[in-house]
Protein chains: 2
Amino acid sequence: MTDKDLKTEEKILEAAANEFLQKGKSGARMQEIANNAGINKALLHYYYRSKDKLFESVFTVVIKKLLLSKVNKIIEEEKDAIGLVRRFVATYIDIINKNPMIPFFVLEEITKNPGRLTNSMLNSGLPINKVFNLINDSAKQGVIREIEPQQLIINILSMSIFPVIGRNMFQPILFNDNKKAFDQFLESRKTEVADFIIRSIQPDK
Amino acid sequence: MTDKDLKTEEKILEAAANEFLQKGKSGARMQEIANNAGINKALLHYYYRSKDKLFESVFTVVIKKLLLSKVNKIIEEEKDAIGLVRRFVATYIDIINKNPMIPFFVLEEITKNPGRLTNSMLNSGLPINKVFNLINDSAKQGVIREIEPQQLIINILSMSIFPVIGRNMFQPILFNDNKKAFDQFLESRKTEVADFIIRSIQPDK
DNA sequence: CCCTAAATTAACCAAATGGTTAAACCATTA
DNA sequence: TAATGGTTTAACCATTTGGTTAATTTAGGG
């Protein structure tokens with residue numbers, strides 16, 4: 001019982017995640033989720049009462065399980081600004097490459113439904129203050145130049161996330177729609193982006 | 001007749017743009033568009049046969065009218081890599097700030113419906129080759145360091161576009177949900193981003 | 001082996017939604 | 001002013017869609 005319970009609930013969540021990630025909240029169809037989970041549609045409502053509730057579950061799982069975990073660890077561990085940039089960029093691009101739908105999915109929901117964040121995600125306690133302090137301290141010690149932490153952080157995130165989100169835009173325009181070339185490009189960015197950033201935050205001599 | 005024709009068609013297109021920009025293709029409702037245009041729903045189908053056709057019109061207008069025009073001009077005019085970066089970033093961030101919904105709107109459609117690009121947009125003849133050449137030539141002349149044009153271009157676009165797209169994510173997390181502070185932040189990026197980039201592409205001495 | 005409670009399904013339902021139709025309206029012009 | 005053709009509307013329609021209900025199946029414990 002317990003065994004099959006979990007299996008069914010898990011199957012639903014997985015199918016729902018696929019559907020929501022692919023088509024977004026309003027584009028997703030409960031029937032489709034049921035089909036892909038290999039169950040009757042009524043069972044969806046048996047486990048998760050409504051589409052909204054189901055979405056909520058998927059959203060939480062997707063965010064917590066696939067994004068916040070590794071990131072937090074890196075921030076906690078790394079005490080060196082330059083090293084943090086290197087490790088963060090490499091890890092983050094890697095995570096996103098392996099789950100290319102997630103950033104857009106999260107972005108869509110947060111864009112169309114602001115106020116999502118303040119609750120679950122902000123409480124997830126991502127150690128943003130640590131990053132602020134590290135950037136400021138590193139500047140004071142002359143390891144990097146002075147720079148507003150927000151500017152640096154958003155630059156890093158932008159260059160890590162946006163290329164993947166905008167893949168279907170960039171690949172045709174900048175790579176003749178060559179999938180392999182674009183995959184290589186993304187792979188190379190794990191170090192390229194870090195180098196690009198580090199060059200820019202080198203202290204003025 | 002002709003006068004009122006255009007007025008109605010225009011009203012529809014405007015209302016449709018608002019609805020599609022706000023809720024996306026699948027979230028948009030024909031009834032809502034009709035309401036906001038102040039007309040009967042049947043009129044929508046009289047002028048634009050279906051939701052798809054209407055969306056198509058909106059999409060084309062939005063892209064051509066609001067994005068490609070100014071950008072092309074800058075690229076055509078500017079012959080200096082550093083100057084191009086400065087002007088492009090300032091202009092682009094400005095355009096996007098004034099139309100913050102557009103990037104996400106375009107992104108959503110292109111993501112969920114790839115193959116959109118190859119037709120209308122790629123034929124719009126944006127002078128991407130000019131940019132490639134300028135970057136390569138500038139590197140050869142020692143004005144900037146060697147860098148893959150794609151890396152540089154995508155870095156520029158990422159840092160210009162993503163902060164606006166991700167506003168509802170960044171504003172709460174990095175700015176205590178202070179709208180004014182974030183507006184100032186975006187404004188300052190018109191020069192900050194250019195500086196950040198230029199520092200990074202300075203030739204190795 | 002039977003009883004009970006949870007799991008699962010088939011058949012429905014009501015609301016929403018994109019789309020259609022036939023009639024009314026309005027402006028132009030012959 | 002009456003005919004004409006484009007414009008606009010009210011009323012419908014068929015389908016889709018999220019959700020419900022009542023009945024059936026399944027599994028485990030006594």
Side-chain angles (χ1 to χ4, degrees), chain A residues 1-62 101 105 108-109 112-113 115-116, chain B residues 1-62 101 105 108-109 111-113 116:
Chain A
M1 182 168 51
T2 311
D3 188 51
K4 214 183 175 195
D5 261 5
L6 283 181
K7 247 182 207 157
T8 302
E9 226 172 306
E10 211 48 45
K11 273 193 304 183
I12 293 176
L13 213 59
E14 199 188 306
N18 284 336
E19 179 78 357
F20 280 126
L21 280 167
Q22 210 185 317
K23 303 182 187 164
K25 191 176 177 179
S26 60
R29 295 290 166 252
M30 296 295 271
Q31 186 60 57
E32 196 67 18
I33 294 173
N35 291 346
N36 291 337
I39 57 156
N40 187 287
K41 190 180 55 157
L43 208 44
L44 290 186
H45 294 86
Y46 178 77
Y47 283 103
Y48 307 83
R49 298 236 302 256
S50 66
K51 191 186 185 183
D52 272 310
K53 292 264 170 52
L54 179 54
F55 179 84
E56 201 69 26
S57 300
V58 169
F59 190 77
T60 306
V61 167
V62 163
M101 309 279 233
F105 169 77
E108 179 174 17
E109 179 54 18
K112 288 176 183 166
N113 190 345
R116 229 315 136 39
Chain B
M1 182 168 49
T2 311
D3 189 51
K4 214 183 176 194
D5 260 6
L6 283 180
K7 248 180 205 157
T8 302
E9 226 172 305
E10 210 47 44
K11 275 194 302 184
I12 293 177
L13 213 60
E14 200 188 306
N18 284 336
E19 178 80 357
F20 280 126
L21 279 167
Q22 209 185 319
K23 303 182 187 165
K25 190 175 175 179
S26 61
R29 295 291 166 250
M30 295 296 268
Q31 185 62 57
E32 196 67 17
I33 294 173
N35 292 345
N36 291 337
I39 56 156
N40 187 287
K41 192 179 55 157
L43 252 202
L44 291 185
H45 295 87
Y46 177 77
Y47 283 102
Y48 307 83
R49 298 236 303 253
S50 66
K51 192 186 185 184
D52 272 309
K53 292 264 169 53
L54 179 54
F55 179 85
E56 200 70 26
S57 300
V58 169
F59 190 77
T60 306
V61 167
V62 163
M101 308 281 233
F105 169 77
E108 178 174 19
E109 179 54 18
T111 299
K112 288 176 183 167
N113 189 346
R116 227 318 135 38

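Note that this is a predicted model, so its numbers are computed, not measured. Numbered from 1 within each chain, the chains take letters A, B, ... in sequence-line order. Worth knowing before you read on, the calculation uses all heavy atoms, side chains too, and leaves out hydrogens, waters and symmetry mates.
- Between B/Lys7 and B/Glu14 there is no salt bridge, since no side-chain nitrogen of the basic residue lies less than 4.0 Å from a carboxylate oxygen of the acidic one.
- One interatomic measurement links the two molecules: OH of A/Tyr47 to P of D/dG19, which rounds to 18 Å at whole-angstrom precision.
- Residue B/Tyr46 places none of its side-chain N or O atoms closer than 4.0 Å to OP1 or OP2 of D/dT9.
- Judged by distance alone, the side chain of B/Lys51 and the main-chain N or O of B/Ala28 form a donor-acceptor pair under 3.5 Å.
- Phosphate proximity of D/dT8 to B/Thr8: present, with a side-chain N or O under 4.0 Å from OP1 or OP2.
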Scan nucleotides 11-24 of chain C nucleotide by nucleotide, 5' to 3', and note B when protein non-hydrogen atoms come under 4.0 Å of the base, S if they reach only the sugar-phosphate, - if neither.
------SBBBB---

Evaluate the side-chain hydrogen bond (donor to acceptor under 3.5 Å, both in side chains) criterion for residues A/Gln31 and A/Asn35: first the C-alpha distance (whole Å), next the side-chain angles of each, then the deciding distance (0.1 Å), finally the verdict.
CA-CA 6 Å; A/Gln31 186 60 57; A/Asn35 291 346; 3.1 Å; yes

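- If you look at A/Phe105 and A/Phe20, their ring centroids are not closer than 6.0 Å.
- B/Glu19 places a side-chain N or O within 3.5 Å of a backbone atom of B/Arg29 that can act as its donor or acceptor partner.
- When the P atom of D/dT7 is taken as reference, atom CG of B/Leu44 falls 15 Å away, rounded to whole Å.
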Please step through side chain to side chain contact (heavy atoms under 4.5 Å, CB included) for the pair B/Ile33 and B/Lys41, ending with a clear verdict.
CA-CA 8 Å; B/Ile33 294 173; B/Lys41 192 179 55 157; over 6 Å; no

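- Within 4.0 Å of A/Ile39, counting heavy atoms only, lie sugar-phosphate atoms of the nucleic acid but no base atom.
- Atom-to-atom, OH of A/Tyr48 to P of D/dG18 comes out at 17 Å; the value is rounded to the nearest Å.
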